[in-house]
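Below is one structure, written out as structure tokens; the observations come after it.
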Amino acid sequence: MLKQSPAAITAQGDLRGRTRRLVVVSNRVAAGAAATSGGLAVALSEALTMSGGLWFGWSGNISEDCHGTPPSIERVNGYTATTVDLSPGEHEGYYSGFSNECLWPLLHYRLDLVKADRQQMEIYFLVNERLAKMLVPMLRKDDLIWAHDYHLIPFGACLRRQNVRSKIGFFLHIPFPPPEIFAAVPDHEKLARSLFAYDLVGFQTPRDRENFIRYAREHFAARLTGEGALKVAGRTVKVDAFPIGIDVVQFAGEARRNCDHPDLAGPTEANFKRIVGVDRLDYSKGLPERLMAIETLFETSPEYSKAIQYLQIATPTREGISAYEAIDAELDRIIGQVNGRFGTFGWSPVAYIKRRMPRNLLAGLLRRCHVGLISPLRDGMNLVAKEYVAAQDPLDPGVLILSQFAGAAEQLKEALIVNPYDTEGTAGAIRRALEMPKVERQARHAMLLDKVRAEDVDWWRQQYLDALIGELPGEVIEDQPRAASGTAAWPAGIDQGLRA
Ligand code: GDG
């Protein structure tokens with residue numbers, strides 16, 4: 001085991017003594033009731049409570065007079081949630097425009113959907129600057145600041161311009177593409193340079209990290225230290241992979257408690273099997289491609305008529321953005337086509353729920369489904385894949401089918417891994433999952449559950465904060481091979497005070 005450095009031990013003491021506060025910055029703040037709905041919100045709010053922290057971000061409201069309005073401050077569960085409104089122009093330029101019509105498709109390798117508008121990019125930088133200026137008066141010298149996701153790439157650099165010297169980390173929840181793709185954004189160097197202001201830049205997978213390092217080398221002549229940090233633009237920046245996890249105990253409990261919920265009652269014929277997909281209604285999730293595989297399955301295996309059903313739960317998201325309206329219409333069309341072609345009196349091959357389900361019902365439903373079909377074209381991680389594993393009955397588990405392009409596929413290798421562009425291959429995997437003997441299902445599930453449990457959301461948060469708190473590694477031999485696991489090279493377990 002690695003020995004803790006004196007600096008790390010001091011940091012641990014600080015956190016336990018609550019003198020070192022965690023400040024989380026994200027586009028939206030899921031405080032109060034929303035923080036009990038699971039996942040990231042719970043993980044972050046626990047860490048915030050433990051350190052008496054601060055969560056800062058956009059309120060979700062748009063108001064004309066927001067520039068003259070002070071932030072709204074709410075005390076929840078022992079921490080402070082502080083939110084600010086955006087003006088209509090800021091919402092358009094920063095959120096809908098540059099974040100969701102340029103960065104989101106770009107970082108998901110979808111150059112065909114990128115709308116690169118320099119004015120929107122400028123608004124994106126200005127909003128980051130304004131948010132940073134609003135946060136600065138609330139900061140303390142020793143705060144640990146953790147910014148999240150693609151909306152806030154320049155946030156750390158904005159804080160540095162305001163003379164903030166604290167440790168500032170950034171975590172990208174979505175993929176980082178190869179440099180050839182990232183370079184398609186106008187002024188990409190300005191965007192990337194702002195990442196070098198952080199002390200730690202975290203990615204979901206080693207692949208994302210490698211892409212970023214390759215970009216930094218090609219465009220900034222960055223050098224890699226033996227500890228995996230980047231020497232770039234006069235700074236040393238730690239870069240590492242921290243695959244995000246879920247709260248397994250909480251989700252598995254919800255699944256057990258709710259699998260017989262009356263709202264989930266449906267056809268009860270013996271041997272009737274359900275395949276399920278749960279996604280935001282987003283073009284990155286591969287929904288039309290998945291439905292085409294379902295169509296191929298019914299085309300090639302008529303014996304499944306009336307014996308199985310594919311259930312798609314899709315939550316509408318980012319409505320008003322044209323690419324989202326297009327995917328919505330495309331999905332309606334293709335589901336209608338499959339049901340029209342194969343449906344019979346009393347049975348539809350596809351059931352479609354286009355709205356958000358309560359989390360407890362979602363967990364119960366995942367437990368009842370025989371196959372979890374998660375086939376994004378590109379995904380940072382994909383938490384639904386992990387939730388499906390956690391929800392299963394270990395004695396009679398369902399089978400997870402997972403796209404090779406989900407970050408989760410780098411951990412969940414015992415799933416049936418598919419290429420979502422390969423319609424027949426995906427249909428074949430569904431067939432294999434439906435027919436898989438129980439003993440194989442149990443063996444695969446046990447291995448998947450072990451991984452999902454070992455690398456859960458508490459582990460993720462702890463790994464990240466340990467790396468952020470830890471001292472920068474000394475200068476060592478360049479380009480030494482790193483540990484294959486992709487986890488942090490600095491001492492583990494130093495932020496016990498932040499754990500639940
Ligand atoms: C981004 C990255 C990365 C979905 N439908 C309902 C519902 N959900 C919940 C799921 C899951 C979450 O939303 C979705 O998380 P994903 O990871 O699948 O996808 P994104 O929203 O795209 O998240 C992704 C993630 O950030 C975390 O870093 O994994 O790659 O794109 O928890 O269960 N929840 C409820 N009703 C629904 O209908 N209650």
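Every number for a ligand or one of its atoms is a count from 1 in the order of the listing. Just the heavy atoms: all of them, side chains too, but no hydrogens, waters or symmetry mates, feed the values below. Source: prediction; values computed, not measured.
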Need the ligand 1 atom indices (1-based, order shown) with element for anything under 4.0 Å from a heavy-atom of [X].
| X | value |
| --- | --- |
| Thr315 | 5 (N), 6 (C), 37 (C), 38 (O) |
| Val384 | 10 (C), 18 (O) |
| Gly380 | 30 (O) |
| Val278 | 4 (C), 5 (N) |
| Trp104 | 31 (O) |
| Gln204 | 3 (C), 28 (O) |
| Arg359 | 32 (O), 33 (O), 39 (N) |

For [atom], which candidate among [options] holds the nearest heavy atom?
| atom | options | value |
| --- | --- | --- |
| atom 16 (P) of ligand 1 | Asp247, Val457, Asp149, Leu383 | Leu383 |
| atom 39 (N) of ligand 1 | Met357, Arg280, Arg355 | Met357 |
| atom 20 (P) of ligand 1 | Lys285, Met381, Lys386 | Lys285 |

- Item | Contact check: Asp279 vs ligand 1, nitrogen or oxygen atoms, below 3.5 angstrom | no
- Query: Asp149 side chain to His151 main-chain N or O, any donor-acceptor pair under 3.5 Å?
  - Reply: no
- Message: Closer than 3.5 angstrom, by distance alone: can the side chain of Arg441 be matched with the main-chain N or O of Pro397 as a donor-acceptor pair?
- Response: yes
- Task: Report, as yes or no, whether the 6.0 Å neighbourhood of atom CZ on Arg318 holds more than 12 heavy atoms from other residues, nucleotides or ligands.
- Result: yes
- What residue among Leu465, Ile168, Val237, Leu468 forms side chain to side chain contact (heavy atoms under 4.5 Å, CB included) with Leu200? Leu468
Classify the side-chain pair [X]/[Y] by whether it contains a donor and acceptor separated by less than 3.5 Å.
| X | Y | answer |
| --- | --- | --- |
| Lys354 | Gln312 | no |
| Tyr388 | Arg367 | no |
| Asn258 | Glu254 | yes |

- What do you reckon, does Phe251 put a non-hydrogen atom under 4.0 Å from ligand 1? no
- Query: Which of parallel (below 30°), tilted (30 to 60°) and perpendicular (above 60°) describes Trp58 and His91?
  - Reply: tilted
